[in-house]
A.B. asks: 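Here it is, the structure in full.
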Amino acid sequence: GDIKLDADQIKLMMDSSIVYAMGSPDSLGELIGTPIFQDKSGEYASKTMRYNFKSERGLITDVVTEQGEGYLTGGITKKVNDVYYLKDGKYTTCDHHDNPHFYLQLTKAKVKPGDYIAAGPAYLVVGDVPLPLAIPFGFFPFTNQYSSGLIMPNFGDDYTRGLYLSGIGYYFAINVFMDVKATADIYTRGTWAVRARSQYLKRYKF
């Protein structure tokens with residue numbers, strides 16, 4: 001059907017409709033051929049996967065998938081039909097998603113691919129250091145429509161001001177004519193900056 005599974009080792013138990021997939025160690029002991037799972041909701045890489053193709057339920061370890069403009073990774077993930085439940089997940093817009101410079105640590109989350117991420121307690125981590133910036137609940141929609149939302153920051157290192165987060169903030173879509181973008185820069189040596197920008201679009205009919 002819509003399911004495709006690639007892995008170095010795949011065990012299929014026809015009596016229980018369960019498939020188990022994993023990689024294999026190479027000559028240096030590194031895992032190769034780890035599972036890559038595809039269905040109509042997207043593509044998911046993982047270390048191991050156990051999946052029941054009749055009930056469409058599965059258990060995935062160390063999942064990696066691209067959602068929206070960032071990457072979502074999870075320690076242990078349960079797949080129930082088209083919804084994924086994560087424990088100890090991470091969401092980042094950093095290109096190095098295997099070892100991101102910054103990310104939101106999601107203690108638990110519910111993910112509907114291509115639609116939204118609903119997270120329980122979450123906090124920001126920069127350079128593997130948890131920051132005192134936490135949210136009790138977060139909802140991150142994936143949409144091409146005009147909407148408000150969190151602006152993920154850039155991470156870097158400045159010789160005089162230290163490590164920094166640049167451009168963290170929030171975008172307010174007030175209406176189809178007006179918006180407000182509020183962002184901040186934070187440096188570890190005490191420097192900070194806050195800025196706001198608003199745009200207004202007047203539409204004329206001819």
Side-chain angles (χ1 to χ4, degrees), residues 1-130 134-135 137-142 152 155:
D2 297 322
I3 297 172
K4 180 180 178 182
L5 178 63
D6 291 326
D8 199 62
Q9 297 185 62
I10 298 177
K11 297 180 179 179
L12 177 61
M13 291 159 276
M14 296 297 293
D15 57 340
S16 58
S17 303
I18 292 176
V19 60
Y20 184 75
M22 70 193 94
S24 297
D26 61 10
S27 59
L28 299 177
E30 297 290 334
L31 274 180
I32 59 172
T34 50
I36 298 177
F37 178 82
Q38 287 179 300
D39 64 6
K40 58 186 178 181
S41 66
E43 180 177 293
Y44 307 86
S46 63
K47 282 190 176 179
T48 64
M49 176 175 289
R50 181 183 177 92
Y51 183 74
N52 187 311
F53 55 83
K54 276 192 175 179
S55 65
E56 297 185 2
R57 298 188 175 205
L59 185 65
I60 309 167
T61 61
D62 299 307
V63 67
V64 178
T65 180
E66 187 173 2
Q67 296 293 326
E69 297 182 358
Y71 290 90
L72 182 70
T73 65
I76 299 176
T77 304
K78 289 183 179 179
K79 180 183 184 299
V80 181
N81 298 320
D82 293 332
V83 179
Y84 292 78
Y85 298 89
L86 284 80
K87 181 181 179 182
D88 297 326
K90 298 176 184 178
Y91 185 71
T92 181
T93 55
C94 180
D95 293 334
H96 304 283
H97 56 271
D98 291 333
N99 188 21
H101 297 118
F102 60 89
Y103 56 88
L104 276 175
Q105 179 71 52
L106 312 175
T107 55
K108 57 182 179 179
K110 176 182 177 181
V111 182
K112 190 171 183 181
D115 195 353
Y116 64 84
I117 297 177
Y123 53 91
L124 186 63
V125 179
V126 178
D128 293 327
V129 177
I135 54 174
F137 176 79
F139 184 81
F140 309 97
F142 303 130
M152 294 297 289
F155 171 78

A.B. asks: Does any part of the side chain of Ile18, heavy atoms only, come nearer than 4.5 Å to the side chain of Arg50, both counted from C-beta?
C.D. replies: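 Yes - at least one pair of side-chain heavy atoms lies under 4.5 Å apart.
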A.B. asks: Return yes if some donor-acceptor pair links the side-chain N/O of Asn52 with the main-chain N/O of Glu56 below 3.5 Å, else return no.
C.D. replies: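 Not confirmed, Asn52 side chain does not pair with Glu56 backbone.
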A.B. asks: Is there a side chain to side chain contact (heavy atoms under 4.5 Å, CB included) between Ile76 and Leu86? Walk through the geometry before answering.
C.D. replies: CA-CA 6 Å; Ile76 299 176; Leu86 284 80; over 6 Å; no
A.B. asks: Is there side-chain contact between Glu43 and Gln38, with heavy atoms separated by less than 4.5 Å?
C.D. replies: yes
A.B. asks: Nearest 0.5 Å please: distance from the CD1 atom of Ile10 over to the CG atom of Leu12.
C.D. replies: 9.0 Å
A.B. asks: Can you tell me how far the OG1 atom of Thr65 sits from the CZ atom of Phe37, to the nearest 0.5 Å?
C.D. replies: 11.0 Å
A.B. asks: Counting C-beta onward and ignoring hydrogens, is there a side-chain heavy-atom pair between Val111 and Val83 closer than 4.5 Å?
C.D. replies: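 When only atoms from C-beta onward are counted, Val83 and Val111 do not touch, as no gap falls below 4.5 Å.
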A.B. asks: For the backbone of Gly23 and the side chain of Gln9, can you confirm whether one donor and one acceptor N or O come within less than 3.5 Å of each other?
C.D. replies: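 Answer holds: yes.
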A.B. asks: So, taking the atom named OH in Tyr91 and the one named CG in Leu72, what distance separates them when rounded to the nearest 0.5 Å?
C.D. replies: 8.0 Å
A.B. asks: So how far is it from Arg57 CZ to Tyr51 OH, rounded to the nearest 0.5 Å?
C.D. replies: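 Between Arg57 CZ and Tyr51 OH, I get 11.0 Å after rounding to 0.5 Å.
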A.B. asks: If you round to the nearest 0.5 Å, how far is CD of Gln105 from OG1 of Thr92?
C.D. replies: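 Going from the OG1 atom of Thr92 to the CD atom of Gln105 covers 11.5 Å.
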A.B. asks: Ignoring hydrogens and geometry, is there a side-chain-to-backbone donor-acceptor pair from Lys11 to Met13 under 3.5 Å?
C.D. replies: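 Answer holds: no.
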A.B. asks: Hey, does Met22 have a side-chain heavy atom less than 4.5 Å from the side chain of Thr34?
C.D. replies: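 No, too far: nothing below the 4.5 Å cut-off.
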A.B. asks: Checking Ser17 side chain against Lys54 main chain: does a donor-acceptor pair fall under 3.5 Å?
C.D. replies: no
A.B. asks: Once rounded to the nearest 0.5 Å, what's the spacing between atom NZ of Lys112 and atom CD1 of Ile117?
C.D. replies: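 Lys112 NZ to Ile117 CD1: 14.0 Å, rounded to 0.5 Å.
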A.B. asks: Does the cation-pi check pass for Lys90 over Tyr103, that is, NZ or CZ under 6.0 Å from the six-membered ring centre and within 45° of its axis?
C.D. replies: yes
A.B. asks: Are any non-hydrogen side-chain atoms of Tyr44 and Ile60 less than 4.5 angstrom apart?
C.D. replies: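 Of all side-chain heavy-atom pairs linking Ile60 with Tyr44, none is under 4.5 Å.
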A.B. asks: Please report the closest heavy-atom contact between Thr107 and Gly120, naming both atoms and the distance.
C.D. replies: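 In terms of heavy atoms, the two residues are closest at OG1-C, 4.2 Å.
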A.B. asks: Would you check if Leu5 and Val19 make a side-chain contact, meaning some heavy-atom pair closer than 4.5 Å?
C.D. replies: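 Answer yes - side chains close enough.
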A.B. asks: Using side-chain heavy atoms (C-beta onward) and a distance below 4.5 Å, is Val80 in contact with Tyr85?
C.D. replies: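 Yes, their side chains come closer than 4.5 Å.
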A.B. asks: Any sub-3.5 Å donor-acceptor pair from Thr61's side-chain atoms to Thr48's backbone N or O?
C.D. replies: yes
A.B. asks: What I'd like to find out is whether the side chain of Pro35 reaches to under 4.5 Å of the side chain of Asp6, using heavy atoms alone.
C.D. replies: no
